[in-house]
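Since the structure comes first, as structure tokens, the remarks are kept for the end.
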Amino acid sequence: MTQALLPGHPHVHYRDQTLFVDHVSAADLASQFGTPLFVYSKAAMLSALAAYQRGFAGRKAQICYAMKANSSLAVLQVFAQAGCGFDIVSGGELARVQAAGGDLSKVIFSGVGKTRAEMREALELGIGCFNVESEAELEVLNDVALSVQRQAPVSIRVNPNVDPKTHPYISTGLKGNKFGVAHDRAVQTYQHAAALPGLRVVGIDCHIGSQITQVDPYLDAMDRILDLVEAIEAAGVPIHHIDFGGGLGINYNGDTPPEADALWARLLAKLDARGFGDRQLMIEPGRSLVGNAGLCLTEVLYLKPGEQKNFCIVDAAMNDLPRPAMYEAFHHIVPVQQSAAAPTLYDVVGPVCESGDWIGRERALAAQPGDTLAVLSAGAYCMSMSSNYNTRGRLAEVLVDDQGPHLIRRRETAQDTFALENLLPA
Ligand SMILES: *Cc1c(COP(=O)(O)O)cnc(C)c1O
């Protein structure tokens with residue numbers, strides 16, 4: 001019997017008590033590729049993308065996947081083949097877009113600290129737009145563009161000063177954040193940009209935060225941005241595209257974000273009502289395209305009962321799944337093989353030598369050493385944020401499609417982790 005697991009996780013289900021990712025058994029994946037292991041569903045990524053595509057049907061809109069959420073080459077390849085552009089934040093990410101066969105003219109370059117070398121490289125490759133975050137950056141970009149005899153297409157990231165009602169570490173559109181240009185400086189900044197010969201103003205952008213589960217912050221930000229577009233154009237600087245950033249949340253633990261198509265039905269109604277319905281639109285979703293398309297398989301190493309707490313020690317750790325340690329984030333943890341045994345409450349922790357190395361707290365599990373668990377919602381901000389702390393090799397990654405599982409990244413060996421190092425001379 002097939003049993004769906006959780007809303008928002010369409011790709012994971014139980015079949016006769018065994019966990020499946022689409023048509024592939026998670027137990028088979030763990031034995032074939034070993035643990036800990038990231039597993040992604042191509043179908044789940046494409047279905048998340050399809051919700052945006054439905055939302056924008058009949059509109060001039062470009063979806064640029066914010067690749068910092070998961071920048072593995074095969075993941076980029078899936079989105080490139082589906083017509084996406086990419087929102088990048090470094091020269092390294094630009095190199096990944098090239099390696100994955102992405103369309104460079106659909107790349108937008110965000111981030112508060114672009115270097116001259118990164119700007120030059122992106123200009124020479126002909127990316128679509130620089131999302132500039134300060135007046136100082138405008139000057140430097142102008143300088144670099146003139147030095148390579150190009151004109152840089154620019155959008156200015158404006159800070160709309162709305163509260164996205166999410167975790168403070170992932171809210172970015174408030175006055176106290178380091179991101180973007182203040183709303184009340186925007187018109188001046190645009191006039192400044194328009195006067196610089198190395199720049200060509202093409203758009204405006206904002207990004208108010210991440211894991212946003214409500215529609216209102218988006219509606220408020222849109223009003224603030226449209227007010228600015230009117231003011232900037234009245235000051236003589238035409239704006240060709242409007243980029244509303246990313247940030248839509250996913251269901252980690254009973255969260256109920258709107259579907260992308262429902263969100264955009266509301267936003268497009270506002271755009272139409274304010275007379276901006278035929279503008280070129282851009283969006284930069286990251287988490288909502290990949291977060292629930294991935295999970296992490298991990299083996300139970302030891303059970304450690306205690307007076308105050310029981311610990312379930314697994315082979316994945318905070319260096320592989322950094323979100324709990326960084327933001328106290330929640331990931332569901334479920335068994336790969338369901339059991340009828342009575343569950344016990346465990347803190348699920350990894351082998352890393354830090355008390356912050358926990359993956360889930362007070363979880364009811366009927367686990368035994370040797371069992372495999374699945375940490376859900378691990379497609380976004382997990383592999384891309386992982387590290388080699390404690391000289392732990394990064395995990396292998398598998399992408400499941402119609403043909404079956406594909407190893408898209410092999411497991412790092414200890415030698416891989418110190419391959420760039422040199423001993424001192426004898
Ligand atoms: C991180 C980021 C995104 C994507 O955010 P998600 O919450 O993953 O959708 C989009 N745009 C910019 C500028 C970002 O920094």
Side-chain angles (χ1 to χ4, degrees), residues 8 45 48-49 51-52 55 62-72 75-76 79 84-90 92-94 97 106-114 122 127-134 137 154-160 162 164-174 177-181 203-215 217-218 221 225 241-252 255 257-260 263-264 267 281-294 322-323 326-327 329 377-385:
M45 292 179 202
L49 177 63
Y52 282 101
Q62 177 62 53
I63 300 167
C64 292
Y65 167 52
M67 62 182 280
K68 72 179 190 287
N70 185 326
S71 54
S72 299
V75 171
L76 304 185
F79 288 114
C84 290
F86 296 95
D87 174 46
I88 65 167
V89 291
S90 71
E93 288 194 342
L94 182 55
V97 173
K106 294 184 194 167
V107 166
I108 51 189
F109 195 166
S110 301
V112 295
K114 302 174 194 78
I127 68 160
C129 187
F130 290 83
N131 285 0
V132 172
E133 304 226 14
S134 63
E137 185 189 337
V154 299
S155 162
I156 292 170
R157 177 168 174 178
V158 175
N159 190 337
V162 302
K165 304 189 175 68
T166 183
H167 190 288
Y169 283 13
I170 49 179
S171 64
T172 54
L174 280 165
N177 290 121
K178 69 177 174 181
F179 299 102
V181 170
I204 188 167
D205 64 284
C206 70
H207 172 71
I208 56 174
S210 201
Q211 186 53 20
I212 300 168
T213 56
Q214 298 175 30
V215 177
Y218 280 108
I225 294 298
H241 77 246
I242 312 179
D243 173 351
F244 290 101
L248 180 59
I250 61 170
N251 178 12
Y252 284 105
D255 309 292
E259 297 290 330
L263 169 67
W264 277 95
L267 290 170
L281 304 176
M282 313 261 268
I283 51 162
E284 307 163 353
R287 185 191 315 271
S288 54
L289 292 180
V290 291
N292 277 342
R323 301 185 58 261
M326 266 183 89
Y327 320 113
S377 307
Y381 302 108
C382 290
M383 183 61 176
S384 61
M385 280 186 151

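All values reported here derive from a predicted model rather than from experimental measurement. Atoms within a ligand are numbered from 1 in the order they appear, just like the ligands themselves. If you read the sequence from its start, that first residue is 1, and numbering goes on from there.
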Above 12 or not: heavy atoms from other molecules or residues under 6.0 Å from CD of Glu259? no
Inter-residue atom distance Asp243.CG - Ser110.OG, 0.5 Å rounding: 7.0 Å
Geometric cation-pi criterion, Lys114 with Phe109: 6.0 Å, 45°: yes
In chain order, what residues pass the ring-ring contact (aromatic ring centres under 6.0 Å, His included) check against Tyr218, with sequence neighbours excluded? none
Taking any residue with a non-hydrogen atom under 4.0 angstrom from an atom of ligand 1, which ones do you get? Ala66, Lys68, Asp87, Ser110, Arg157, His207, Ser210, Gly246, Gly247, Glu284, Pro285, Gly286, Arg287, Tyr381
Contacts of Phe79 meeting ring-ring contact (aromatic ring centres under 6.0 Å, His included) (sequence neighbours excluded), chain-then-number -> Tyr65
Applying salt bridge (charged side-chain N to carboxylate O under 4.0 Å, His left out), name anything that partners Glu93, two or more places apart in sequence or on another chain. none
